[in-house]
Amino acid sequence: MALPPAPTDEMLRRALTALRGGAAAEGEHLLRQVLAADPSQPDALQLLGLSARTAGRLSEAIDLFRRSLAGRDGQPHVHNNLGNALKAAGEMAEAERHYRIALAQKADYADAALNLGILLIETARFADAQRHLDDAARRFPASAPIAEALAIVRQDVGDGAGAVEAARRATALGPARLTAWHGLGQAEQAAGDFPAAEQAFRKALAIDRRSAPSWAGLSNALRCQLRDAEAETALRQALTINPLDIAAHRNLNAILWEHGKAGEHLASYRDAAARHPNEIGLRLAFAEELLQAGRTDEAERPIAECRALAPDDPHALDLAARLTARRGDAEAALVLHRRAAEAAPASAFVVNLCDTLLRLERADEADAECVRFLKTAPDDQAILSRQLLALRMMGDPRYRELFDPDTMTACLDVAPPDGLDAGTFLERLAAHLRALHTSTTQPIDQTLEGGTQTFGHLFAVDRSPIVGALRAAIQTSVEGFVAGLPDDTRHPFFRRKSPSIRFTGSWSVRLHAHGFHTNHYHPKGWISSAFYVVVPPEADDETARPGWFTFGQSNMALGASDVVERYVKPQPGKLVLFPSYVWHGTVPFTRSAERMTVAFDAAPL
């Protein structure tokens with residue numbers, strides 16, 4: 001005589017035990033038995049959905065959760081799980097809707113509150129995220145994960161002190177949570193307290209020595225304390241754990257280059273690529289750095305490997321186009337550039353397309369590409385810089401509208417802090433900055449030649465009184481310059497006029513004999529700058545103009561129109577300001593002498 005079938009509740013309990021014990025196949029078999037008898041059984045559907053989600057079967061999981069809710073809507077946990085699956089599938093709006101339904105059905109649902117907050121952060125709705133997570137932190141004061149998320153969003157909106165406070169609360173609530181200590185390290189680092197950041201990252205690593213992100217975070221905190229040898233060791237640890245971490249490769253190789261270890265430069269990419277032959281991201285990054293370093297012949301192989309792995313990948317197409325252009329076949333490069341920009345109309349790909357069009361003297365086509373891109377990204381400084389060149393090449397009157405040096409540039413005196421004369425202030429500032437120039441050569445991804453550049457965001461990381469006084473004086477000068485700009489809501493530069501500014505990056509450059517800046521623009525600013533701290537006597541030569549600042553000329557040798565439009569004589573204590581999209585550089589020095597500046601990018605607040 002056959003045994004009667006097991007009751008549904010018993011089958012569900014057995015299935016849940018199997019799933020929790022890692023026996024997914026057994027658990028799913030039991031659940032399918034339940035569903036064979038009752039296809040709409042909501043508990044079996046949602047448990048099977050969880051198993052499918054764990055296995056990465058997103059479409060199946062979403063369908064199962066929806067079927068479970070169709071049978072019984074009042075399941076906040078299923079709405080939350082459906083939100084997670086939808087978010088993983090990139091359906092952010094639907095995910096948000098289900099998180100909100102979960103919270104409407106169960107107001108004290110901390111997991112749903114956390115998940116909604118994370119989604120708002122990931123969709124860059126920082127003000128909404130902050131309001132939501134502030135409220136969640138009040139309603140769930142014992143939740144370490146919510147405190148961690150609140151620290152992240154406060155950092156995103158520029159509330160450094162608030163981010164540190166929330167992150168410290170997270171470590172108090174969850175002292176054994178690696179993510180809490182890692183988050184505190186990030187918050188302390190963003191706030192400029194690098195010893196505290198180092199301590200937090202070390203506590204994270206004490207919980208789990210295999211945390212590659214915490215090794216990378218520790219490296220950054222060490223480097224900001226000018227301990228580059230220890231930073232290099234920490235990055236090597238990160239890459240031992242995760243050899244596919246592109247940012248760690250990039251940072252490690254920057255240290256190697258800047259400290260004269262040319263023989264080791266980029267070897268980490270090559271070693272990792274040999275162990276992971278099918279990882280296209282690694283090869284793309286390797287090829288990018290080879291091209292950046294001017295090692296064109298060496299770049300050919302990884303670019304060919306990328307094309308073989310993913311023939312239609314836009315980054316691989318763009319790399320192939322740039323390689324082809326460097327070898328002198330601009331027409332063939334143009335075909336590849338167009339394919340890359342059509343596949344992914346990202347700024348970098350459109351910029352490289354425009355560069356090739358400009359070299360082919362097809363300025364009207366380059367301008368058309370810029371106009372099209374600026375409709376959706378009107379503040380893109382890289383695209384504006386190419387439009388500037390195209391308009392000048394065509395002799396288009398819009399060029400002078402886009403760059404009028406008389407109204408868009410300035411050379412200002414920066415007042416020293418109270419109690420110091422200008423000479424004493426500059427001497428003390430120079431002595432402080434010299435101690436920060438610890439590398440032996442220029443960064444490989446920057447525009448200076450024959451000099452060094454400080455690491456990190458100087459105004460954010462340096463808490464010394466002398467740099468603080470400089471920052472305050474410069475902020476006053478820049479905001480005064482902005483106040484005098486015309487009011488024009490249609491102009492790409494003037495329309496961003498604001499009573500207050502924020503610094504998006506800042507650094508010091510120290511040039512020596514034959515040092516100079518290649519012609520360039522600043523992609524991450526609105527207003528950019530050079531503040532002169534030390535200027536050698538040879539800059540007084542008004543014929544050769546060594547060390548003088550130049551406006552107008554690009555780095556692409558585009559013919560008769562591509563010339564310097566204006567020279568500015570460098571003088572200690574002077575601040576030069578200009579739109580970030582304007583091409584600029586310096587005339588090389590001819591003698592052995594120090595030239596030191598502080599530069600920054602600023603954006604409207």
Side-chain angles (χ1 to χ4, degrees), residues 405 409-417 420-439 441-443 446-454 458-459 462 464 466-467 469-478 481 503 505-520 522 527-553 564-578 582-602:
T409 70
C411 186
L412 309 172
D413 289 305
V414 172
L420 288 179
D421 62 82
T424 302
F425 173 61
L426 292 174
E427 286 176 9
R428 292 182 182 177
L429 179 62
H432 179 81
L433 294 174
R434 286 186 191 106
L436 304 182
H437 284 271
T438 58
S439 58
T441 191
Q442 65 269 9
Q446 298 299 322
T447 62
L448 66 149
E449 298 285 345
T452 58
Q453 180 171 310
T454 56
L458 180 67
F459 290 163
D462 192 311
S464 66
I466 196 78
V467 169
L470 175 66
R471 173 182 174 141
I474 283 178
Q475 180 140 3
T476 299
S477 296
V478 175
F481 167 71
F503 296 107
S506 55
W507 57 95
S508 170
V509 169
R510 189 184 187 195
L511 297 178
H512 46 68
H514 309 290
F516 65 101
H517 284 274
T518 58
N519 295 323
H520 63 288
H522 290 209
I527 293 172
S528 295
S529 66
F531 173 72
Y532 293 95
V533 182
V534 177
V535 178
E538 69 172 301
D540 289 333
D541 181 348
E542 299 197 1
T543 302
R545 302 185 178 112
W548 284 38
F549 197 94
T550 66
F551 285 123
Q553 190 173 48
V564 174
E565 286 197 41
R566 179 165 295 189
Y567 292 89
V568 178
K569 181 180 178 180
Q571 300 176 70
K574 291 283 188 180
L575 174 65
V576 179
L577 299 174
F578 51 92
V582 170
W583 291 86
H584 57 283
T586 64
V587 179
F589 288 110
T590 57
R591 300 174 190 164
S592 179
E594 178 187 49
R595 172 185 176 272
M596 187 183 294
T597 58
V598 170
F600 59 83
D601 292 323

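The structure displayed is predicted, hence computed values, not measured ones.
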Any donor-acceptor pair under 3.5 Å linking the side chain of Trp507 with the backbone of Leu458?
no
Value for CD (Glu565) from CZ (Phe551), rounded to nearest 0.5 Å, stands at 10.5 Å
What's the separation between atom CG in Leu433 and atom OG in Ser464, rounded to the nearest 0.5 Å?
8.0 Å
Do His432 and Asp462 have side-chain heavy atoms sitting under 4.5 Å apart?
yes
Heavy atoms of Trp583 and Gln553 approach each other most closely as CB-O, 3.5 Å
For Arg595 and Thr586, work out which heavy atoms get closest and say how close.
NH2-CG2, 3.6 Å
Determine whether a donor-acceptor pair (N or O, by modelled atom type, separation under 3.5 Å) exists between the side chain of His584 and the backbone of Asn519.
no
For the CG atom of Leu426 and the CE atom of Met596, what is their distance to the nearest 0.5 Å?
11.0 Å
Closest contact, heavy atoms only, Pro570 versus Val535
O-CG1, 3.7 Å
Atom pair CZ/CD1 of Phe459 and Ile474 - distance to nearest 0.5 Å:
4.0 Å
For the pair His522 and Phe578, name the ring-plane relationship: parallel under 30°, tilted 30 to 60°, perpendicular over 60°.
perpendicular
Tightest non-hydrogen contact, residues Ser529 and Phe600, listed as OG-N, 2.8 Å
Which distance, rounded to the nearest 0.5 Å, do you find between the CD of Gln571 and the CZ of Phe549?
14.0 Å
More than 12 foreign heavy atoms under 6.0 Å from CZ of Arg428: is that the case here?
no
Closest approach of Trp548 and Ala539, non-hydrogen atoms and distance?
NE1-O, 2.7 Å
In Å, rounded to the nearest 0.5 Å, how long is the span from OH of Tyr532 to SG of Cys411?
7.5 Å
Say whether, by atom type as modelled, one donor and one acceptor occur between the side chain of Thr454 and the main chain of Ser508 under 3.5 angstrom.
yes
